[in-house]
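Below is one structure, written out as structure tokens, with a few remarks after it.
Protein chains get the first letters and strands the later ones, always in sequence-line order, with residue 1 at the start of each.
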Amino acid sequence: MKSKSKRTGGFFPRVYEAVRLIPHGKVTTYGAIAAYLGSPKSSRAVGYALHVNPYPVEVPCHRVVNRHGSLSGSFAFGGGDAQRALLESEGVSVSDDYTVNLSEYGYFFG
DNA sequence: TATTTGACGATTT
DNA sequence: CAAATCGCCAAAT
């Protein structure tokens, strides 16, 4: 044990883990994940983590949207259209503008 | 070690 | 309301 006060755990794995905690039919925001990890300002890093998302099957990035509940436009699974289909498939109503109602489907880890 | 990039957030113009 | 700008963070090169 190297009792080093430095968390070498890694930021990305935590993001993937948090995203996996999102239940079906719900969505969360980058900022919520960042805050859950302990850094509410690392929302960019969270988005970057999902951008490089090496395991799209284990990390349902389609359940992660920006603070307005709107889709990011990009998607590691196929495209924005695919995301809307996936969310609706889980019971999430997506607007024509690729936006979801966070007041209805927003999940904030608690 | 420094530079670049990026699926964000909030504020200002 | 839309576009532009600043600020913040982490990883890759």
[N] [atom2] sits how many Å from [X] [atom1], rounded?
| X | N | atom1 | atom2 | value |
| --- | --- | --- | --- | --- |
| A:R67 | C:dC8 | CZ | P | 18 Å |
| A:Y48 | C:dC8 | OH | P | 20 Å |
| A:N66 | B:dA7 | CG | P | 12 Å |
| A:Y16 | C:dA10 | OH | P | 14 Å |
| A:H51 | B:dT4 | NE2 | P | 18 Å |
| A:L50 | C:dA12 | CG | P | 14 Å |
| A:L37 | C:dA11 | CG | C1' | 15 Å |
| A:F12 | B:dG6 | CZ | P | 13 Å |

- 5' priority, DNA chain B, between A:P40 and A:V46 [closest heavy atom]: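 In this pair, the answer is A:V46.
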- Query: At under 4.0 Å between heavy atoms, what does A:F11 touch on the DNA or RNA strands: base, sugar-phosphate, or nothing?
  - Reply: sugar-phosphate
- Using the side chain to side chain contact (heavy atoms under 4.5 Å, CB included) rule, take A:V64 and A:I22 through it: C-alpha gap first, then chi angles, then the decisive distance, then the call. CA-CA 9 Å; A:V64 186; A:I22 306 170; 4.1 Å; yes
- For A:Y105 and A:S93, test the side chains for any donor-to-acceptor distance below 3.5 angstrom and give the result as yes or no. yes
- Query: Going by atom types alone, do A:Y30 and A:S42 pair a side-chain donor with an acceptor below 3.5 Å?
  - Reply: no
- Message: Counting only side-chain nitrogens and oxygens, does A:R44 get under 4.0 Å of the OP1 or OP2 atom of B:dA7?
- Response: no
- Which base, if any, makes a Watson-Crick or G-U wobble pair with C:dC1, both distances under 3.5 Å?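 Checking every strand shown, C:dC1 finds no partner, since no pair has both distances under 3.5 Å.
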- Query: Would you find more than 12 non-hydrogen atoms of other residues, nucleotides or ligands less than 6.0 Å from A:E88 atom CD?
  - Reply: yes
